[in-house]
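Take a look at the structure set out below.
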2 protein chains.
Amino acid sequence: MFTSKLRIMAEAKNQLFDSDLQELAQLFKALGHPARLQILKFLASKNACFTGDISDEVPLGRTTVNQHLAELRKAGLIQGTVQGVKTNYCINPSVVKHLEEMGKDFFDGLSIIECTDC
Amino acid sequence: MFTSKLRIMAEAKNQLFDSDLQELAQLFKALGHPARLQILKFLASKNACFTGDISDEVPLGRTTVNQHLAELRKAGLIQGTVQGVKTNYCINPSVVKHLEEMGKDFFDGLSIIECTDC
DNA sequence: TAATTTTGACGTAAACATACGTCATTTATA
DNA sequence: TATAAATGACGTATGTTTACGTCAAAATTA
């Protein structure tokens, strides 16, 4: 099909990298827009799934917000289930936790020392 | 000037967001490519600045790697100083630490609970 | 049942990112 | 001093992201 071929082409170079790095980069990328961070924050602030239109909470148009929601969904960070005419959105705790751990491991693994010669 | 005007236009919508979210998103975005994660890892693995061509360490062409280096530099995560014909690259520990802390705060602030109704 | 609400799907313009080739410059080295 | 090495600057093709408008379908509500 059309899109899958494009996807393969787009990610062809990514295949050259360690799969852990690929996965982590993809998750970081999903966090790489303030709207998406705000959406995650908002969803987490509810003590349940949020039912309704999240674009009321984000300073962007509804369709744009929907696109960011789709992005977060694609990354696995949130779930969205239809319930009647409304849609339930909530955070996917396991994926967020996984990201948190991978991120922590990444930074711990860096073991950065102050550089003296530059 | 030309580029700055474009930049302002491009980031116009970002201005609508909380500045903390903007900053964090920008840093996460810089981490959103496996090549950049690998570069950070590699630079951290040296116990000093690395002098020379990092493209030997990353499965991409030299100019592409240079572009990723510029990206990391723009985000403040690394420094690069010219030394004769070679260039010294090293991690900017304070910015990495700052990112680490902002990231931690973000995730801690989420206080995610398992959702029962979806 | 007709109107309204809610939402995803689709299209699209503009900006950005990715990957790389080529060129110019700067500094060592033969 | 000529040659080679290292690197940034620039150009460019292709693909992706962002932002939003419009449409259509599904489900309420009047």
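None of these values were measured; they are calculated from a predicted model. So that the names make sense, note that chain A is the first sequence line, chain B the second, and so on, each numbered from 1.
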Of the listed nucleotides (C/dA17, D/dA19, C/dG8), which one gets closest to any side-chain atom of B/Lys13? D/dA19

Starting at the 5' end of nucleotides 24-30 of chain C, put B wherever the base has a protein heavy atom under 4.0 Å, S where only the sugar-phosphate does, and a dash everywhere else. --BSS--

If I take atom CZ in residue A/Phe50 and atom P in nucleotide C/dT6, what distance separates them, rounded to the nearest angstrom? 11 Å

Just jot down the side-chain hydrogen bond (donor to acceptor under 3.5 Å, both in side chains) partners of A/Asp53, sequence neighbours excluded, or say none. A/Ser55

A/Glu114 side chain to B/Pro93 backbone, donor-acceptor under 3.5 Å: no

How far apart are the closest heavy atoms of A/Leu77 and A/Leu31, and which atoms are they? CD1-CD2, 4.1 Å

Can you list, in residue-number order, the parts of residues 58-70 of chain B that come under 4.0 Å of DNA chain C, counting heavy atoms only? B/Leu60, B/Gly61, B/Arg62, B/Thr63, B/Thr64, B/Gln67, B/His68

Between A/Asp53 (CG) and C/dG8 (C1'), how many Å, whole number? 12 Å

Is there a side-chain contact between B/Thr87 and the phosphate of D/dG8, meaning an N or O under 4.0 Å from OP1 or OP2? yes

Please report the distance, rounded to the nearest Å, between CG in B/Leu72 and P in D/dG8. 13 Å

Heavy atoms under 4.0 Å, any strand shown: does A/Arg36 hit a base, just sugar-phosphate, or nothing? sugar-phosphate

Please determine whether a side-chain nitrogen or oxygen atom of A/Lys29 lies at a distance below 4.0 Å from atom OP1 or OP2 of D/dT16. no

Return the set of residues passing ring-ring contact (aromatic ring centres under 6.0 Å, His included) with A/Phe50 (not counting sequence neighbours), or none when no residue passes. A/Phe42

Can you give the donor-acceptor pairs under 3.5 Å from side chains of residues 94-105 of chain B to other protein atoms, not counting sequence neighbours?
{"from": "B/Ser94", "atom 1": "OG", "to": "B/Asn92", "atom 2": "OD1", "distance (Å)": "3.3"}
{"from": "B/His98", "atom 1": "ND1", "to": "B/Glu23", "atom 2": "OE2", "distance (Å)": "3.4"}
{"from": "B/Lys104", "atom 1": "NZ", "to": "B/Asp108", "atom 2": "OD2", "distance (Å)": "2.7"}

Output every pair passing side chain to side chain donor-acceptor pair (under 3.5 Å) with a member in residues 30-39 of chain B, not counting sequence neighbours, ordered by first then second residue. B/Arg36-B/His68

Rounded distance (nearest 0.5 Å) linking atom CG of A/Asp20 with atom NZ of B/Lys41: 7.0 Å

Taking the nucleotide of DNA chain C with the closest heavy atom to each, which residue, A/Ile54 or A/Phe17, is nearer the 5' end? A/Ile54

Of all heavy-atom pairs between B/Leu27 and B/Ala75, which one has the smallest distance, and what is that distance? CD2-O, 3.7 Å

Starting at NE2 of B/His33 and ending at C1' of D/dT17, how long is that distance when rounded to a whole Å? 14 Å

Check the phosphate of D/dA6 against B/Tyr89, side-chain N and O only, distance under 4.0 Å to OP1 or OP2. Yes or no? no

Looking only at heavy atoms, which two atoms of A/Pro59 and B/Leu16 are closest? And how far apart? O-CD1, 3.3 Å

Find the distance B/Lys86:NZ to D/dA4:P and express it as a whole number of Å. 18 Å

Taking atom C1' of D/dA19 as reference, at what distance in whole Å does atom CD1 of A/Ile39 sit? 13 Å

